[in-house]
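Some notes on the structure that comes next.
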Amino acid sequence: MSDNTDETLDAITRRRVLAGAGTASAVGLAGCTGGSGGGESETDAAGTSDGVSTTATTGGGTLNFAQSKSPLDFDPLKANDVPSLQVVEQIFDSLYTYGEGTELVPQLAAGDPEVNDDATQYVVELRDGVTFHNGEPITAEDVKYSFLAPGREETNNGSEFTMIDSITVVDDRTVQFDLKFPFGPFRHKLAWAPVPKAYREENKESFNRDPVGSGPFTLESATEGDEVVMERWDEYHGDAPSLEGAVFSPVEEPTTRVTTLKNGEFDIVQTVPPKLYSTVEGQEGSSIAERQGLGYYYLSFNCNEGPTADPKVREAIDYAVSMDQAVQNYIEPAGTRLTAPMPETVTDAWDFPTDEWADIAHDKDVDMAAQLLEEAGVPKDYSWKIIVPPDDKREQIGVSVGNGLQEAGWSNVEVQRLDWGAFLDKYSTGDEDDYNMYTLGWVDEFDPDGYLYYMFHPEVESETNGCYYRNEEVADKLTQARQSADREERNRLYTEATTTILEDRAHLPAYNLKNSFGVRDTVEGFRPHTVAGINPRLAGEDTVSLND
């Protein structure tokens, strides 16, 4: 490819990763737009005009971090699960990243993107003098390659960029994105990590396990299913880490993670389950650090086949269960109740009418549930099937619904716990024999599109939409909203669409989880981020350090 030619992206549809076994959509793949994506940082690491620093902070020791699962990929173009993204975050910098909250700030970019009047063209200028770990400069050609490769190679991230029509290398430090339509969340698509094109192409087989990035750490060694060892890169261009290194190790059993925190084997452990909060808080020398996450966990109905295709039956099941009580019993204090199909961070940022939406959900009324089921003509001997993934919290939500049906007089209820492979094969078939209901979760970023489109639009039936909810008016509004750059218009469309979705009860929203960590008192400066894959952020203005 020449430096100044356009190249059209292949429109490859891939299944986005759901909030399953430690998975999440890649960092920065959707977000709220309509205004600045965040300003430039006020100061740079060395106080220089171009923001480039070649002096690292000294000292710091090595941080030991326990992940809940083993990372799968170290190539940011392939990484699509939280454990992998947590490692990628240390090794690679992105064009833009998230600051303390939901605002995007330039990282490898020199400033905010230049956007044309109809929001179909974004021009990004790169910072001068920034290099990859191998000393090669980061160029616009590397950026173009990094946005094209996921689709060409059909990675799990390939479908994230199908709104792009073409990418043009204007010069070595300037890249231009032309869109097929004004895609509202596109600014957040730019929170994407460039890779060195030439090096990756020459090392295609090994790059995923031996990556070369531009982040604050280099990957020194990695053993599959075991520890990942990273060392500080002393030529880092930004606010360098004080730590000399970091070791990430998978410890899947929650009780074991908490024990290793107590005995000092790890400095930070990821994900404190509800039943172990008091244990961590009661341990001398440790505490819990937490931040509301970006998850949406829910009960979905099969609106395609079977009795749950009838809205009256779905309303009956809403009456049969107290979701408030189920969340209180099985999720808190590790999570919070949701009554909308988006997390609080999104609904708050968009000022959605959450109080009105909360009133749509019914309080438990078993007699009303039975009355509606009888009116809908559901036989008392009907065999209900609720499928759940291998997760205790989501299983308990399914069991709560099943118990409610039994209380209403429909005793033939099966809650089937499946391993992830079997669950993902079944949950989106729309087949009554496979499920009437399922429990699942979705993790995205800061834009309503990242939740509503992928959960409820008919274009993604059998992919991420396993409920087969069909409402032409809602689908039109979701399409209009994602193809608009007018935040006020998008807000109205999403408000109207969400109200109808909740009234139709395609889902029963359940809860959101916190990004929670057990932290030893020897750790200073660690603050969880709402984006799961960013944790733990070890460099930046408030770098993490260790004391004796």
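Treat the numbers as computed from the prediction; the structure is a model and nothing was measured.
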Is a side-chain donor or acceptor of [X] paired with a backbone partner of [Y] at a separation under 3.5 angstrom?
X	Y	result
Asp93	Gly215	no
Asp73	Asn80	no
Asn157	Ala79	yes
Glu290	Lys514	no
Asn465	His457	yes
Ser484	Ala481	no
Asp75	Pro211	no
Arg257	Gln270	yes
Trp442	Gly450	yes

Indicate whether any N or O donor in one side chain lies under 3.5 Å from an N or O acceptor in the other, for [X] and [Y].
X	Y	answer
Asp142	Ser146	no
Glu235	Thr131	no
Glu220	Thr218	yes
Glu463	Tyr454	no
His237	Ser214	no

Point to revise | Residue that, paired with Arg482, satisfies salt bridge (charged side-chain N to carboxylate O under 4.0 Å, His left out) out of Asp447, Asp476, Asp449 | key: Asp449

Check your understanding: Would you call Lys69-Asp81 a salt bridge at under 4.0 Å N-O?
Key -> no

Check your understanding: Take atom CD in Glu496; do more than 12 heavy atoms of anything else shown fall under 6.0 Å from it?
Key -> yes

Check your understanding: Is the count of non-hydrogen atoms from other residues, nucleotides or ligands lying under 6.0 Å from Asp117 atom CG greater than 12?
Key -> no

Determine, using ring centers only, whether [Y] and [X] are less than 6.0 Å apart.
X	Y	result
Tyr199	Phe132	no
Phe177	Tyr122	no
Phe161	Phe147	yes
Phe456	His507	yes

Review point. Are any non-hydrogen side-chain atoms of Phe352 and Thr498 less than 4.5 angstrom apart?
Key: no

Check your understanding: Does a side-chain heavy-atom distance below 4.5 Å link Asp165 with Leu179?
Key ->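 Contact flag for Asp165/Leu179 side chains = no.
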
**Study point:** Where Thr168 and Asp178 come nearest, the two heavy atoms and their spacing
**Key:**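 For Thr168 versus Asp178, the nearest heavy atoms are OG1-OD2, 4.4 Å.
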
